[in-house]
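Side chains are part of it too, since the values below use all heavy atoms of this structure and drop only hydrogens, waters and symmetry mates. Naming: A, B, ... by sequence-line order, numbering from 1 per chain.
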Amino acid sequence: MRVHEVMRPAALGGSPTLSLAEAAERLDDAGAPALVVLDRDRLVGIVTAWDLDGAWPSESTSLTLGEMRALLRTMTLARVMTREVLTVAPSTRLTEAGRLMLDHDLSALPVLDGDRLVGILTEADLVRGLDEIVRAAP
Amino acid sequence: MQVKTLMKTPPVTVEGETPLAHARVLMRREGLSTLPVVRDEALVGVVTACDLRRAAPSTVRALRQWEWPAVADGLRVADVMQPALPIVTPETTAVDAARQMAATSLACLPVVDGATLLGTVSRRDLLTALLGEAETRRPAGFTAIVAITVPYTDDDPAVATGLALARGEGARLILLCHLPGSRRPKGVPAGWAARFARRRSHEAEAWLRRVTARHGDVEIVTEVGEGDLVQAALGTAGQYGADLIVLSRLRRPGLFGSSDRRSVERLIHAAPCPVLRVPDLAEAAHARA
């Protein structure tokens, strides 16, 4: 089984200038584990829910609520995103993609066909595909 | 494998009365993004980093700034937690648990015995178990296909078949251009023969580059093999972990060459994978003419 058989064709995307508040809202609304950062259709980074959590103001912050809010609205994804993104091809074997995700502790892998983003492989997709493999050949 | 071998115990838990701020600190400190919520060791729900974030000021727009601290202080885990579903027991198999987990975004599943929380099993551990299972299943398709060809035969059925299979399977195609061993004729100096062999292999490489350039949609690796066909094919197949060898003609049509039938038979016997010999219609037509 190959990545293209289980990936989600539409990856949740945002530009590097998107604010953290906006990004968190998009992620939570879509229930997606990661947001792909695109600059004119080119993949430049990835942001996971975990990255956003790390960038959230701490409980013991001395910022006022107004400052905190302003920060979340003005701080952009470019500040927190992971720039070295591991990707797979649509034809990559699912088990290989799974290894990659586990070894590097990733929650999603963007799928690139050449330079073009064609989808995203999330952990849920991976589980679905692996389950099918296990079922097909008991 | 059962959940009990993967389960982490005792679990890190919070209670319904825990303030949100405490839950958030606990998550960061323990590196967890899902915490079971308990009352007297009985599981009542789970709370995730996402639940906590939803209750953060930036997402509560309707509140006036000065109202927020009062609200935040009053919020407890019980206000934002979700019912714990799915739950698994220590006897659930890892594969089953992974299936159930896939439907959720929880980072771990609570493991219970009746109502009592025994521990948690992490997404990662379940995924590792499932991947291990899937990897032991023999893949049905091909990942590496070796096509054996001779130079300058652009219509070689082995190349066409290799390309079509590699394209369909998403496999890598290894084009092995085979140059038969040539015996040095009497009277030709050794230096000349060596120069001839070098030139021949350069030409073969140039030809392979041209073939590769025409088929950008397939991942192609090229190799030039000299001497014994069987040795060259086995070497290449072993190097790339081939799961299919495709061949058709082993010399250019119309030329006299060594009998290739014996080579093919030897290859079939010795190959680590199936060997597909594609009928060569051009050669058959040549033979009839």
Side-chain angles (χ1 to χ4, degrees), chain A residues 1-5 19-22 24-25 27-28 31-33 49-50 52-54 56-60 64-66 68-73 89-99 101-103 105 107 113-114 122-138, chain B residues 19-22 24-25 27-28 31 33 48-54 56-59 61 63-69 72 95-96 98-105 107 123-124 126-141 143 166-167 169-172 216-219:
Chain A
M1 177 161 318
R2 307 286 165 160
V3 165
H4 69 85
E5 294 173 61
S19 74
L20 294 193
E22 186 81 19
E25 223 162 274
L27 270 181
D28 291 348
W50 192 246
L52 287 182
D53 255 10
W56 223 248
S58 101
E59 289 305 322
S60 54
T64 67
L65 184 66
M68 203 147 72
R69 244 193 245 199
L71 254 186
L72 285 173
R73 301 230 164 272
S91 62
T92 306
R93 265 179 194 288
L94 199 61
T95 46
E96 271 172 46
R99 255 309 137 208
M101 276 171 96
L102 272 177
D103 288 351
D105 220 355
S107 49
D113 188 3
T122 66
E123 222 180 63
D125 305 328
L126 178 73
V127 169
R128 201 156 34 84
L130 292 180
D131 184 24
E132 241 175 85
I133 296 177
V134 173
R135 264 178 225 248
Chain B
L20 287 199
H22 288 192
R24 196 170 293 141
V25 169
M27 274 186 192
R28 271 333 275 190
S33 59
T48 68
C50 181
D51 298 331
L52 296 183
R53 211 167 42 232
R54 273 178 199 280
S58 68
T59 53
R61 288 209 184 104
L63 279 179
R64 285 164 189 267
Q65 281 189 22
W66 56 83
E67 287 173 340
W68 173 251
V95 173
D96 263 337
R99 268 176 209 149
Q100 297 186 43
M101 176 194 74
T104 74
S105 59
R123 221 177 162 86
R124 193 188 161 77
L126 289 180
L127 215 54
T128 306
L130 178 62
L131 183 60
E133 283 279 321
E135 277 174 343
T136 60
R137 307 296 198 269
R138 200 185 127 62
T143 47
R167 199 173 284 129
E169 298 280 326
R172 185 190 219 191
D217 57 331
V218 177
E219 186 191 348

**Prompt:** Minimum heavy-atom separation for A:D105 to B:R124, with atom names?
**Reply:** OD1-NH1, 3.1 Å
**Interatomic spacing from CG in A:L102 to CZ in B:R123 - rounded to 0.5 Å** = 11.5 Å
**Prompt:** Which value, rounded to the nearest 0.5 Å, describes the distance between B:E133 atom CD and A:R135 atom CZ?
**Reply:** 12.5 Å
**Prompt:** For A:T95 and B:L131, which heavy atoms make the closest approach, and how far apart are they?
**Reply:** O-CD1, 3.7 Å
**Request:** Please look at A:L126 and chain B and tell me whether the side chain, the backbone, both or neither of the residue comes under 4.5 angstrom of a heavy atom of that chain.
**Result:** side chain
**Smallest separation among heavy atoms of A:V127 and B:A98, with atom names** = CG1-O, 3.4 Å
**Asked** Could you state the interatomic distance from OG1 (B:T143) to CZ (A:R93), rounded to the nearest 0.5 Å?
**Response** 5.0 Å
